[in-house]
Amino acid sequence: MPLHLIKLAVGCESVKDFESRVSARAKLAKAQGLPPRHIHVTRMTPKRDAELLDGGSIYWVIRGEIAAREKIVAIEPFRDGDGIARCRLIMQPKVIAVAPRPMRPFQGWRYLAATDVPPDLGSAAASIAAMPEPMRRELRDLGLL
């Protein structure tokens with residue numbers, strides 16, 4: 001059973017905003033002759049990397065909700081220019097919307113068990129994902145979604 005990570009998407013206002021950031025990073029990598037992928041650098045290296053690479057994803061919290069995910073394809077520990085240990089989390093640059101679920105803020109990343117992940121928003125729920133996020137949040141708060 002794969003293991004997942006959960007991380008705050010700091011500064012993102014919506015899933016569309018997050019998608020545009022991921023797309024811009026993938027285009028920049030491609031322009032530099034690198035594979036088009038989304039890389040997130042973090043200070044701590046996950047110890048359970050084998051489980052994460054066995055189909056795991058990173059779930060992104062956007063404005064207080066778990067709202068999207070990306071599949072993790074590689075984990076690369078390295079040392080930066082100051083000699084500090086860091087880690088590159090490398091994901092496919094495809095953002096998948098998930099059923100929104102409230103999540104309180106936290107620092108860094110956390111492991112997320114496969115039993116705790118929200119389901120993907122498939123084609124049947126595409127209309128929910130296409131709604132403006134403030135409207136979707138209000139409908140959810142009213143118990144209509």
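Throughout, numbering of the chain's residues begins at 1 and tracks the sequence. Below, all heavy atoms of this structure are taken into account, side chains as well, without hydrogens, waters or symmetry copies. Computed from a predicted model, the values in this text were never measured in an experiment.
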Does E70 pair with K94 as a salt bridge, N-O distance under 4.0 Å?
no

Without swapping roles, check the side chain of R69 against the backbone of I66 for a donor-acceptor pair under 3.5 Å.
no

CE on M91 to CZ on R25, rounded to 0.5 Å
8.0 Å

Residues, nucleotides or ligands: over 12 heavy atoms within 6.0 Å of E76 CD:
yes

Assign the ring pair F18 / H38 to parallel, tilted or perpendicular, where the plane angle (0 to 90°) is split at 30° and 60°.
perpendicular

CZ-OG1 distance between R88 and T45, expressed to the nearest 0.5 angstrom:
10.5 Å

From the options Y59, W109, Y111, select the one residue that forms a ring-ring contact (aromatic ring centres under 6.0 Å, His included) with H4.
Y59

Side chain proximity check, I75 to P46, heavy atoms < 4.5 angstrom
yes

In terms of heavy-atom contacts, P93 and A26 come closest through CB-CB, 4.0 Å

Quick check: closest heavy atoms across C12 and I62, and the distance to 0.1 Å?
O-CG2, 3.7 Å

Quick check: do F78 and V41 have side-chain heavy atoms less than 4.5 Å from each other?
yes

Check: D82 main-chain N/O paired with D80 side-chain donor or acceptor under 3.5 Å:
yes

Calculate, to the nearest 0.5 Å, the distance between atoms CG and CG belonging to D49 and D54 respectively.
11.5 Å

I want to check something: taking the side chain as every heavy atom from C-beta on, are L89 and T42 in contact at a cut-off of under 4.5 Å?
yes

Rounding to 0.5 Å, atoms CD1 (I58) and CD1 (I72) come to a distance of 5.5 Å

Minimal non-hydrogen separation, A68 against V15, with atom names
CB-CG1, 4.4 Å

Is L3 reachable from L53 through a run of I, L, V, M, F, W or Y residues, each pair having side-chain heavy atoms under 4.5 Å apart?
yes

With a 4.5 Å cut-off on side-chain heavy atoms, are I6 and V61 touching?
yes

Euclidean distance, L28 CG relative to S23 OG, rounded to 0.5 Å:
11.0 Å

Step by step, work out the side-chain contact (heavy atoms from CB on, under 4.5 Å) result for V98 and V117.
CA-CA 9 Å; V98 298; V117 300; over 6 Å; no

Please step through side-chain contact (heavy atoms from CB on, under 4.5 Å) for the pair M103 and L8, ending with a clear verdict.
CA-CA 9 Å; M103 183 73 181; L8 299 180; 5.7 Å; no

Taking all non-hydrogen atoms of both residues into account, name the closest pair between G55 and P2 and its distance.
C-CB, 3.7 Å

Would R48 and E51 pass as an ion pair if we require N to O under 4.0 Å?
yes

Could you tell me whether the side chain of I39 reaches within less than 4.5 Å of the side chain of R37, counting heavy atoms only?
yes

The reported gap from CG in L112 to OG in S57 (rounded to nearest 0.5 angstrom) is 10.0 Å

Are any non-hydrogen side-chain atoms of K7 and H40 less than 4.5 angstrom apart?
yes

